[in-house]
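Model, not experiment: these values are computed from the prediction. Numbered from 1 within each chain, the chains take letters A, B, ... in sequence-line order.
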2 protein chains.
Amino acid sequence: MTRTPVWKSIAAALEADIAAGHYGAGDKLPTEAALASRFGVNRHTVRRALGDMSERGILRSRRGAGVFVEAPPTEYPIGKRVRFHQSIRATGRLPQRRVLRLESRPGDAGETKALELNAGSMVTVCEGLSLAGETPIAHFISVFPQDRLPGMLHTLEEVTSVTEALKLNGVADYVRRETRVTAEMPSATQALHLRLRESDPLVKTVGINEDMEGNPVEYGQTWFAGDRVTLTFSND
Amino acid sequence: MTRTPVWKSIAAALEADIAAGHYGAGDKLPTEAALASRFGVNRHTVRRALGDMSERGILRSRRGAGVFVEAPPTEYPIGKRVRFHQSIRATGRLPQRRVLRLESRPGDAGETKALELNAGSMVTVCEGLSLAGETPIAHFISVFPQDRLPGMLHTLEEVTSVTEALKLNGVADYVRRETRVTAEMPSATQALHLRLRESDPLVKTVGINEDMEGNPVEYGQTWFAGDRVTLTFSND
DNA sequence: AGAAACTATACAACTAGACAAATCATACGC
DNA sequence: GCGTATGATTTGTCTAGTTGTATAGTTTCT
């Protein structure tokens, strides 16, 4: 008789609730147990509905915490000027960076080549997370030439915006020379930091920013949580 | 689908930090609360990681004071006497070897030359993993001269320490004649065995041990997981 | 008979919050 | 200058709640 499975109608009911504004982005749904009793079914049946919605990106569950309504993906424009803080602020959320590592060391072959330095030149490395509000968006490793920007290490300890840090080091403006995009699977640590499963793919961008004289000032690798961000390219 | 528990990734990340020298012996780690927010998890999850590391002797915590680095994961001294079991035990952890391959065969050109044997002489080969506690530290291939040490093949089946195996074959003591160090990227198999990404570099050492009469008794190649081990050289 | 949907139970992993106990830094009194 | 009181920090412990996963059994439809 029941042509449609129970779990599908549960998913539909929950989607209707969300569409009606009953639950907004970021809100916590009732617990699986509560939903199970509300719909008069077993918890596993609810879980199937929730699992389906999670796969479609509507929900995200955190073990031990609950199930939450996911925000629609952030539009991240990549063009001549790539500015993280501006992009996030445009979506009405608070851009943040959390620094995981900050060090000076000799650059490896790839880094010195990208920054057009002599082999073995010192570089300043900043690794961290980009957040929109509370949600981690991306994991990045930025490499700066230390001889051209000797004060970056110190500046980055106090300033979280790259744009601002560069400005404080004499780079008033900078533009993106090139951006390469690939897909990668997250390492265990990345999955942890970005709060996603090891099976969720990342979008990796490798980019070089140069100052107005054409000198490279930053070689950056960024791993975006694929389903939280939509990269958009424009030639402006 | 979280294959590796979160707390294990946290422990691994902290161990890597310690191995990289971000926190030295005796240093105080960030507070549990700070680590929790850095990794985006609950404090209890951090505590589980710290507890695991404490059990392995890497950390020591004092109520009200903080968590301190007891011993860096692996300071691996390379000098006249290179003793894997001693080095690991000194860090308060259980040294282990897991044998992957054990065989006798004619030695190739490089092996017979290093061991000062006639071309085509038989050698005993032992390939395996070195572990500190649960953590794989290195992948090694040891080659022994079979005519000087005919019993090694059998002894190595029962004894995990090279020092002990050599002693049982009449080599009471031995010293390192020379050690060469290079960097290599791991093969897929090595990455798997050492539980690291194929992008994580290895430190490769090639060494010759000789008995007190100056006869080579072991020609060993070892690939260390670069972020878990710090090789230290001394001329004692 | 077999597959799909659903139920039932149990445990592991993680979150959340609260409070106790030890430690540390600082100000105060003398 | 020195000991002490005090309050903030930090780890240790406890209770409770939530999601993830595994196993096994029942119903229903074809």
Does the side chain of A:Ser61 get closer than 4.0 angstrom to OP1 or OP2 of D:dG20 through an N or O atom? yes
Does D:dT10 have OP1 or OP2 sitting under 4.0 Å from an N or O in the side chain of B:Arg62? no
Under-4.0 Å salt bridge between [X] and [Y]:
X: A:Arg180; Y: A:Glu178; answer: yes
X: B:Asp17; Y: B:Arg38; answer: yes
X: B:Arg56; Y: B:Glu15; answer: yes

Can you confirm whether B:Lys8 is buried at NZ, in the sense that more than 12 heavy atoms of other residues, nucleotides or ligands lie under 6.0 Å from that atom? no
Just wondering, are more than 12 heavy atoms of other shown residues or ligands nearer than 6.0 Å to CZ in B:Arg101? yes
Pull out every residue in residues 34-44 of chain A that has a heavy atom closer than 4.0 Å to any atom of DNA chain C, ordered by number, or say none. A:Val41, A:Asn42, A:Arg43, A:His44
Non-neighbouring partners of A:Asp147 that pass side-chain contact (heavy atoms from CB on, under 4.5 Å), sequence neighbours left out: A:Leu117, A:Pro145
Need two values: the first and the last nucleotide of DNA chain C, 5' to 3', having an atom under 4.0 Å from any heavy-atom of chain B. C:dA13 to C:dC24
[N] [atom2] sits how many Å from [X] [atom1], rounded?
X: A:Leu59; N: D:dT18; atom1: CG; atom2: C1'; answer: 15 Å
X: B:Trp7; N: D:dG20; atom1: CH2; atom2: P; answer: 20 Å
X: B:Leu29; N: D:dT9; atom1: CG; atom2: C1'; answer: 16 Å

Audit row: A:His193, A:Leu129, side chain to side chain contact (heavy atoms under 4.5 Å, CB included) steps and yes/no: CA-CA 8 Å; A:His193 281 136; A:Leu129 296 178; 3.7 Å; yes
Is the positively charged end of A:Arg83 above the ring of A:Tyr174, judged by distance under 6.0 angstrom from the centroid and angle within 45° of the axis? yes
